[in-house]
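Worth saying up front: this structure is predicted, and the values here are computed from it rather than measured. The figures here come from the full heavy-atom set of this structure, side chains too, leaving out hydrogens, waters and symmetry mates. If you read the sequence from its start, that first residue is 1, and numbering goes on from there. All ligand and atom numbering here is 1-based and tracks the order in the structure.
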Amino acid sequence: MSNIIYPTTNLKNTETLTIERGDGVYVYDDQGNRYLEGLAGLWCTSLGYNNRELIDAANEQMGQLSYSHMFGGKTHQVGIDLAAKVAEMVPVENAKVFFGNSGSDANDTHIKMLRYYFNAIGKPEKFKIISRDRSYHGITVASASLTGLPANHQHFDLPFDTLGILRTDAPHYYRGALPGESEADFVTRITNNLEQMILQEGPETIAAFIAEPITGASGVIVPPQGYYQRVQDILAKYDILFWADEVITGFGRTGKDFGCNTMGIDSPALMTLAKQLSSAYIPISASVVRGDIYEAMIEPSSQVGVFGHGYTYSGHPVGCAVALKTLEIYQRDNIFGKAAETGAYLQEGLSKLADHPLVGEVRGEGMIAAVEMVANKQTGEAFAGGAIGAFAQQACERHGLITRAVAGSSLALCPPLIATEQHIDEILESFGKALDDTLDHVTKQGLLTG
Ligand code: PLP
């Protein structure tokens, strides 16, 4: 056993697979077995592995300037260029960009900027943040507090009360609807709950509402029609900012350039980006804010003498160079347009699994999806714990496909955006076999209840 403390791992069951190298959409283990990376690593390797242009961009930047920081007004051209490119792409008005290293620290940065901003405009009491059940926003103390998944709170004494995190319903009709409730009634009920909570807490105390346009780690929840429209109406009514966490959904993942565009979210005030920003060749994240939020922070920073927030690696030149090249490739090669077509093919193929005796729900949009396995197809009764999800994930691996079990018994798919229809066929074939293996297993174990 090595000396590593493994992240997000059952510490009784570590070192299950050693990955040695990657090429295109495939990775290879230390035994020479090939796997199609059906989750793009952790929803991030959009351009796949061994992309020469990205490797060269990193090498060249390392040769030219391997490090320079951005404290005290220092800057470099590749950082300026990247910020300009991000600002041009995002649906945020007059966007300003703060660079970090991960989605988690980018969300922490947003929490701090929200406080800074509302203090600056004379509303210090407006600091609470509404986050949804079953959301995932990261794992640092503050971002894990935003996260709405119990496994990320238990034994860590999270969330921290002082952060003022409020929790509202997950927009998951399949799991959250009352018996006989229509989708439209579900939307009305959970958004009424949201409005009630805002009124109870006092709108003047609430800064922002954070949402992944389509969730990832919590099981790829695609909210029903009308949900985001109603949420935006409520937020506008009570002067609460929309904060889009696009760490997974940013850059072509959902069939459009951003999840906000896919889901009809107009002009969020804040946006969090990471993962596909650099196709995960190197860590870099971006906390994007609307121009007026930035403008309001200028005077107080001048009074203090400094905007007292920044990481050693904020705007790391190698990260910036790789991200800039990634965005150039996305646009030059029409990666988002092609991924939209491949994504439609993936969704269509997966929809055929809906009749499988083990499948409760198939959901997704573009190149992100999940298939939820259930103990009882008629009632939707879930399997207890996460053992069946873990079994199915391993069954996929035995058939040469890497997926990830999320939210108990859902298997997620999120292939690199460069995957072709042939790759999707391969994914569907392996996935189908793994589902059959899992059905065999649960039948022998007597775990089906219907
Ligand atoms: N936000 C979302 C929506 C995510 O999916 C993730 C990670 O999966 C994060 C934030 C945290 O990003 P990181 O793991 O880079 O800290």
* **Spacing of M89 atom CE and Y330 atom OH [to the nearest 0.5 Å]** => 8.0 Å
* **Electrostatic pair R34:E426 at N-O distance under 4.0 angstrom** => yes
* Verify the neighbour count for atom CZ of F156: are there more than 12 heavy atoms of other residues, nucleotides or ligands below 6.0 Å? => no
* What pairs of residues pass the salt bridge (charged side-chain N to carboxylate O under 4.0 Å, His left out) test when at least one of them lies in residues 219-239, not counting sequence neighbours? -> K123-D239, E195-R230, E195-K237
* To do: Flag this pair as yes if the NZ/CZ of R398 is under 6.0 angstrom from the six-membered ring centre of F391 and inside a 45 degree cone about the axis; otherwise no.
  => yes
* To do: Decide, yes or no, whether a salt bridge links K85 with E88 under the criterion of side-chain N to carboxylate O below 4.0 Å.
  => yes
* Got the residues with a heavy atom under 4.0 Å of ligand 1, by chain and number? -> S102, G103, S104, N107, Y136, H137, G138, E212, D245, V247, I248, K275
